[in-house]
Peer 1: 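Below you will find the structure I want to go over with you.
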Amino acid sequence: MDAFTTHTGTAAPLRRTNVDTDQIIPAEYLKRIIRTGFEDGLFVAWRTNEPDFVLNRPEYANASILVAGPDFGTGSSREHANWALLDGGFRVVISPRFADIFRNNSTKAGLLTVVLPEADVEALWNAIEADPALPVTVDLQAEQVTYGSTTVPFQIDPYTRWRLLEGLDDVGLTERHLDDIEAFEANRPAWKPKALPAV
Amino acid sequence: MPKTLAEKVYDAHVVRSAEGEPDLLYIDLHLVHEVTSPQAFDGLRAAGRTVRRPDLTMATEDHNVPTLDILAPIADPVSRAQVEALRRNTAEFGIRLAPMGDRDQGIVHVIGPQLGLTQPGMTIVCGDSHTSTHGAFGALAFGIGTSEVEHVLATQTLPQYKPKQMAVTVDGELPPGVSAKDVILAVIAQIGTGGGQGYVIEYRGSAIEKLSMEARMTICNMSIEAGAKAGLIAPDQTTFDFLKGRPHAPRGADWDAAVAHWSTLRTDEDAVFDAEVHLDATALTPFVTWGTNPGQGLPIDARVPDPAEFADEGDRRAAEQALEYMGLTPGTPLREIEVDTVFLGSCTNGRIEDLRVAAELLRGKRIDADTRMLVVPGSVAVKAQAETEGLDRVFTEAGAEWRGAGCSMCLGMNPDQLKPGERSASTSNRNFQGRQGKGGRTHLVSPAVAAATALTGRLTAPADLIGA
């Protein structure tokens with residue numbers, strides 16, 4: 001996973017609530033067995049059916065920060081949604097509220113999710129609608145979003161922040177605790193089920 | 001300190017806990033399917049890692065599976081390649097697989113309980129958000145992404161933060177024709193699609209205690225639709241009776257030891273929940289969705305809402321967008337909405353009890369001439385059981401299609417899909433735009449409402465049929 005420290009780019013206003021992961025990438029795009037190239041499925045129904053969909057507008061075509069309404073990433077656990085956003089050029093999603101699995105997947109894939117209060121999201125929407133070229137900086141080190149003369153702080157749990165700043169792989173971190181895992185396994189009850197074919 | 005059921009299960013699986021770090025949680029059972037696993041196995045190979053506990057891992061094929069001609073090779077080459085990747089990966093890493101054609105094959109959340117692999121007090125994960133289904137047994141079960149699938153394959157653990165605790169209490173007797181599906185749709189409509197975020201929900205109360213295991217699974221299944229990490233129900237005699245004698249259930253002295261432990265898995269009387277929600281079961285009616293998220297639902301007696309009546313601007317805009325997509329006019333009675341297709345199946349409502357309820361309503365009748373009904377058992381075993389009971393003939397004689405087991409029309413990954421503009425009454429779990437096929441429109445309903453709707457061609461409560 002690439003480390004994330006700070007990112008500056010332009011931002012696209014997605015004025016929708018409950019953007020589920022089926023909208024971010026529909027199921028038919030999940031059949032692939034590789035981990036890259038999912039940008040063609042990103043918001044494909046809205047991009048196809050709605051000519052004025054925000055990402056169809058040239059002024060937002062190169063946005064790398066997505067600013068969405070509450071409950072972003074609900075529904076299916078598909079990490080393909082996070083990959084599609086990354087493949088589509090996004091490094092940050094800002095929303096007042098994220099679905100848990102989407103947010104968790106983001107921390108594994110290296111996509112930063114930033115929770116801001118609805119009023120701050122509204123103000124940011126207004127600013128990037130007034131000036132689509134407005135640079136927006138998301139600074140994970142300082143835990144703040146800056147645009148124009150506005151700076152808004154955000155919170156993220158310190159452990160996740162550290163992992164993202166360092167670009168660390170979770171599996172490697174867990175493997176440092178193999179002794180603990182082995183000790184736990186030694187004490188599991190014998191009647192716990194095994195998935196091997198039943199005799 | 002008094003604990004909730006979920007806290008007891010969580011605490012019993014903490015491998016390691018350190019200040020300022022997530023807990024490391026042990027996983028008792030990892031269920032795997034073809035869609036969310038190939039990149040995880042690639043990750044293992046790239047890092048030279050193995051699967052730590054293949055004996056605690058089980059795979060099946062469900063999402064891409066066609067429900068016709070299931071023994072022929074899958075026609076769609078991309079779907080076929082994904083299923084073949086799972087077969088290669090499970091063979092290489094020594095994981096048990098129930099492939100198409102196997103007697104244990106089926107939707108991953110149907111086969112775990114059916115085999116007795118899902119047991120009280122366990123931690124269960126799967127790269128699938130409906131893993132919450134297994135919570136019906138008093139297990140802590142939740143969906144994960146592909147990176148976490150890789151993490152569990154490699155270490156049999158997951159870094160986790162303890163979730164907040166919510167109680168949803170449903171008291172009273174459910175009226176006739178009102179089922180578990182109506183309960184959970186009403187819960188989601190009440191708390192919203194984000195209402196459960198950060199929480200594990202424990203469903204409790206006299207109405208829940210009276211439910212069968214199948215009905216409890218329907219409720220826990222849709223916890224994710226309320227945004228919750230998981231949903232669970234305390235195990236009781238109903239749970240033990242369901243499990244006894246299943247292939248992977250403990251036997252003899254092990255059974256007694258297990259039941260003794262399972263009987264301790266209840267929320268302590270003075271435990272405190274972070275949030276509490278109450279529902280009166282006696283006031284519930286059949287529930288249907290009108291919009292494009294599972295929280296946009298109403299009793300079937302209602303009318304399509306007018307977006308102007310929503311106080312919150314975000315809700316208003318969401319309702320406008322939903323009605324436009326759904327092709328619905330505010331004020332239309334929900335009972336007047338005509339459907340093209342009825343889908344009975346999925347991990348929400350594809351179990352034997354669901355098929356029995358629907359078959360009872362269809363027995364000796366014919367479905368509406370302009371309506372197509374797909375009946376898709378959740379597993380090969382459910383299909384075999386239904387055929388033993390003659391339910392397949394009830395469905396086919398009524399004019400419905402009797403299919404092979406799989407996820408089918410719950411999601412657009414296999415040949416069973418709606419065409420653009422088509423409208424369904426579906427016993428599945430998501431009415432998202434395009435979920436059942438590009439441009440398809442979905443109304444979520446219970447199995448009883450699905451069957452009644454198939455008979456009339458419009459959204460119908462079972463009670464409407466009496467005297468009709």
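Per chain, numbering begins at 1; letters A, B, ... match sequence-line order. Nothing here was measured: the structure is a model prediction, and the numbers come from that model. Side chains are part of it too, since the values below use all heavy atoms of this structure and drop only hydrogens, waters and symmetry mates.
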Peer 1: Using 30° and 60° as the class limits, which term best fits the ring planes of A/Trp191 and B/Trp262: parallel, tilted or perpendicular?
Peer 2: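 Ring orientation, 0 to 90° scale: perpendicular.
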Peer 1: Of the backbone (N, CA, C, O) and the side chain (C-beta and beyond), which part of B/Asn429 lies under 4.5 Å from a heavy atom of chain A, both, or neither?
Peer 2: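 No part of it gets close to chain A.
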Peer 1: Is there a donor-acceptor pair under 3.5 Å between the side chain of A/Gln23 and the backbone N or O of B/Gln433?
Peer 2: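 Yes, the answer is positive, given that a donor and an acceptor are paired below the 3.5 Å cut-off.
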Peer 1: Identify the heavy atoms of A/Ala195 and B/Arg96 that sit nearest to each other, and give their distance.
Peer 2: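 Scanning both residues completely, I find the closest heavy atoms to be O-NH1, 2.7 Å.
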Peer 1: Give a yes or no on whether the backbone of B/Met413 and the side-chain of A/Glu28 come within a donor-acceptor separation of less than 3.5 Å.
Peer 2: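 Such a contact is absent between A/Glu28 side chain and B/Met413 backbone.
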Peer 1: Tell me, side chain or backbone of B/Asp55 under 4.5 Å from chain A's heavy atoms, or both, or neither?
Peer 2: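 Both the backbone and the side chain of B/Asp55 come within 4.5 Å of chain A.
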Peer 1: Below 4.5 Å from any heavy atom of chain B, which atoms of A/Trp83 appear? Answer side chain, backbone, both or neither.
Peer 2: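 The side chain, not the backbone.
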Peer 1: Would one find more than 12 heavy atoms of other residues, nucleotides or ligands at under 6.0 Å from atom CD of A/Gln155?
Peer 2: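 Counting neighbours around CD of A/Gln155, 12 or fewer heavy atoms of other residues, nucleotides or ligands fall under 6.0 Å, so no.
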Peer 1: If you count heavy-atom pairs under 4.5 Å with chain A, which of B/Asp104, B/Val14, B/Asp42, B/Val15 comes out on top?
Peer 2: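 Ranked by contacts with chain A, first place is B/Val15.
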Peer 1: Is B/Arg52 close to A/Ile181 at the side-chain level, that is, under 4.5 Å between some pair of heavy atoms?
Peer 2: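 A side-chain contact exists here, since the closest heavy-atom pair is under 4.5 Å.
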Peer 1: With a 6.0 Å cut-off (strictly less than), is the heavy-atom count around CD of A/Glu143, excluding the residue itself, greater than 12?
Peer 2: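 Yes, the 6.0 Å shell around CD holds more than 12 heavy atoms from other groups.
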Peer 1: Let's test your reading of the structure: which of B/Leu411, B/Thr131, B/Asp128 forms the most heavy-atom pairs below 4.5 Å with chain A?
Peer 2: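 Option with the greatest count: B/Asp128.
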Peer 1: So do B/Arg49 and A/Val171 actually touch side chain to side chain, heavy atoms under 4.5 Å?
Peer 2: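 SC-SC contact between A/Val171 and B/Arg49 confirmed.
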Peer 1: Which bit of A/Asp170 comes within less than 4.5 Å of chain B, counting heavy atoms only: side chain, backbone, both or neither?
Peer 2: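 Looking at A/Asp170, backbone and side chain both touch chain B.
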Peer 1: Heavy-atom distances under 4.5 Å only: say whether B/Ala154 touches chain A with side chain, backbone, both or neither.
Peer 2: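 Contact with chain A: side chain only.
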Peer 1: Could you please spell out the steps behind the side-chain hydrogen bond (donor to acceptor under 3.5 Å, both in side chains) verdict for A/Arg97 and B/Thr193?
Peer 2: CA-CA 11 Å; A/Arg97 200 164 52 208; B/Thr193 56; over 6 Å; no
Peer 1: Going by heavy atoms in the side chains, are B/His261 and A/Pro189 under 4.5 Å from each other?
Peer 2: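 Sidechains of A/Pro189 and B/His261: no contact.
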Peer 1: Please state whether the side chain, the backbone, both or neither of A/Ile33 comes within less than 4.5 Å of a heavy atom of chain B.
Peer 2: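 Interface part for A/Ile33: both.
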Peer 1: Is it true that atom CG of B/Asp256 has more than 12 heavy atoms of other residues, nucleotides or ligands lying nearer than 6.0 Å?
Peer 2: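 Atom CG in B/Asp256 is packed in, count exceeds 12.
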Peer 1: Tell me, side chain or backbone of B/Ala12 under 4.5 Å from chain A's heavy atoms, or both, or neither?
Peer 2: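 Contact with chain A is through the backbone of B/Ala12 alone.
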Peer 1: Between CZ of B/Arg430 and CG of A/Asp20, what distance do you get to the nearest 0.5 Å?
Peer 2: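 It is 8.0 Å, given to the nearest 0.5 Å.
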Peer 1: Could you give the distance from CZ (B/Phe432) to OG1 (A/Thr74), rounded to the nearest 0.5 Å?
Peer 2: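 Result: 4.5 Å between the selected atoms.
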Peer 1: Given that the side chain runs from C-beta out, which part of B/Leu24 has a heavy atom under 4.5 Å from chain A: side chain, backbone, both or neither?
Peer 2: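 Contact with chain A is through the side chain of B/Leu24 alone.
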Peer 1: For a 4.5 angstrom cut-off between non-hydrogen side-chain atoms, does B/Glu148 reach A/Ser77?
Peer 2: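 No, side chains not in contact.
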Peer 1: If you tally heavy-atom pairs under 4.5 Å against chain A, which of B/Ser129, B/Ala318, B/Gly314, B/Pro38 wins?
Peer 2: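 Highest number of heavy-atom pairs under 4.5 Å: B/Ser129.
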Peer 1: Side-chain contact test, heavy atoms from C-beta onward, threshold under 4.5 Å: evaluate it for B/Val35 versus A/Arg78 and give yes or no.
Peer 2: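 Answer no - side chains too far apart.
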Peer 1: Taking atom CZ of B/Arg80 and atom NZ of A/Lys31, what is their separation to the nearest 0.5 Å?
Peer 2: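 That separation rounds to 11.5 Å.
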Peer 1: Contact part of B/Gln417 toward chain A, heavy-atom cut-off under 4.5 Å: side chain, backbone, both or neither?
Peer 2: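 Neither part, no heavy atoms under 4.5 Å.
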Peer 1: Non-hydrogen atoms of chain B under 4.5 Å away: do they reach the side chain of A/Tyr29, the backbone, both or neither?
Peer 2: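 A/Tyr29 has no heavy atom closer than 4.5 Å to chain B.
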Peer 1: Can you tell me which of B/Asp254, B/Asn414, B/Thr146 forms the most heavy-atom pairs within a distance under 4.5 Å of chain A?
Peer 2: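 Ranked by contacts with chain A, first place is B/Thr146.
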Peer 1: How long is the straight-line distance from CG of A/Asn49 back to NZ of B/Lys438, given to the nearest 0.5 Å?
Peer 2: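 So the gap between those two atoms works out to 9.0 Å.
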Peer 1: With B/Leu56, which of A/Glu185, A/Arg188, A/Lys192 fulfils side chain to side chain contact (heavy atoms under 4.5 Å, CB included)?
Peer 2: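 That would be A/Arg188.
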Peer 1: OG1/A/Thr174 to CZ/B/Arg16 distance, rounded to the nearest 0.5 angstrom?
Peer 2: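 Those atoms lie 9.0 Å apart.
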Peer 1: B/Gly198, B/Ala85, B/Gly434: which one forms the most heavy-atom pairs within less than 4.5 Å of chain A?
Peer 2: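 Answer, by heavy-atom pair count under 4.5 Å with chain A: B/Gly198.
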Peer 1: With a 3.5 Å distance limit and no angle check, can you tell me whether B/Gln39 reaches the backbone of A/Arg32 through a side-chain donor-acceptor pair?
Peer 2: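 Yes.
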Peer 1: State, without any angle test, whether A/Arg35 and B/Ser147 hold a side-chain donor-acceptor pair at a distance under 3.5 Å.
Peer 2: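 A donor-acceptor contact under 3.5 Å links the two side chains.
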Peer 1: Check each atom of B/Tyr161 against the heavy atoms of chain A and say whether the ones under 4.5 Å are side chain, backbone, both or neither.
Peer 2: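 For B/Tyr161, the contact with chain A is made by the side chain alone.
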Peer 1: Just wondering, do A/Leu173 and B/Glu21 contact through their side chains at under 4.5 Å, heavy atoms?
Peer 2: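 Not in contact.
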Peer 1: How long is the span from the OG1 atom in B/Thr157 to the CZ atom in A/Phe184, to the nearest 0.5 Å?
Peer 2: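 B/Thr157 atom OG1 to A/Phe184 atom CZ measures 10.5 Å (nearest 0.5 Å).
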Peer 1: Does B/Lys229 pair with A/Asp100 as a salt bridge, N-O distance under 4.0 Å?
Peer 2: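 Here B/Lys229 does not pair with A/Asp100 in a salt bridge, since their nearest N and O are not under 4.0 Å apart.
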Peer 1: Picking from B/Gln197, B/Gln156, B/Met58, which has the most non-hydrogen pairs under 4.5 angstrom with chain A?
Peer 2: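 Maximum pair count with chain A is reached by B/Gln197.
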Peer 1: Applying side chain to side chain contact (heavy atoms under 4.5 Å, CB included) to A/Ile101 and B/Ile224, what does each step give before you reach the verdict?
Peer 2: CA-CA 10 Å; A/Ile101 301 178; B/Ile224 182 72; 3.8 Å; yes
Peer 1: For chain B, find which of A/Thr17, A/Thr48, A/Asp71 contributes the most heavy-atom pairs closer than 4.5 angstrom.
Peer 2: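 It is A/Asp71.
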Peer 1: Which answer fits A/Ser76, side chain, backbone, both or neither, if we ask what part of it has an atom under 4.5 Å from a heavy atom of chain B?
Peer 2: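 Contact with chain B is through both the backbone and side chain of A/Ser76.
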Peer 1: Between A/Asp180 and chain B, with a heavy-atom cut-off of 4.5 Å, which part of the residue counts as in contact: side chain, backbone, both or neither?
Peer 2: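 It is both, since atoms from each part get that close.
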Peer 1: Does any N or O in the side chain of B/Gln82 come within less than 3.5 Å of the main-chain N or O of A/Leu30, such that one atom is a donor and the other an acceptor?
Peer 2: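 A pair under 3.5 Å: yes.
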Peer 1: Please determine, among A/Asn104, A/Thr21, A/Asp22, A/Asp169, the option with the most heavy-atom pairs under 4.5 Å with chain B.
Peer 2: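 When all of A/Asn104, A/Thr21, A/Asp22, A/Asp169 are compared, A/Asp22 has the most.
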Peer 1: At their closest point, which heavy atom of B/Gly145 faces which heavy atom of A/Glu79, and how far apart are they?
Peer 2: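 Looks like C-OE1, 3.3 Å.
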Peer 1: Under 4.5 Å, counting heavy-atom pairs only, tell me which of A/Gly75, A/Pro26, A/Ala109 racks up the most with chain B.
Peer 2: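 Option with the greatest count: A/Gly75.
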Peer 1: By a 4.5 Å heavy-atom criterion (distance strictly below it), what part of A/Asn82 contacts chain B: side chain, backbone, both, or neither?
Peer 2: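 For A/Asn82, neither part sits under 4.5 Å from chain B.
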Peer 1: Please look at A/Glu122 and chain B and tell me whether the side chain, the backbone, both or neither of the residue comes under 4.5 angstrom of a heavy atom of that chain.
Peer 2: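 A/Glu122 has no heavy atom closer than 4.5 Å to chain B.
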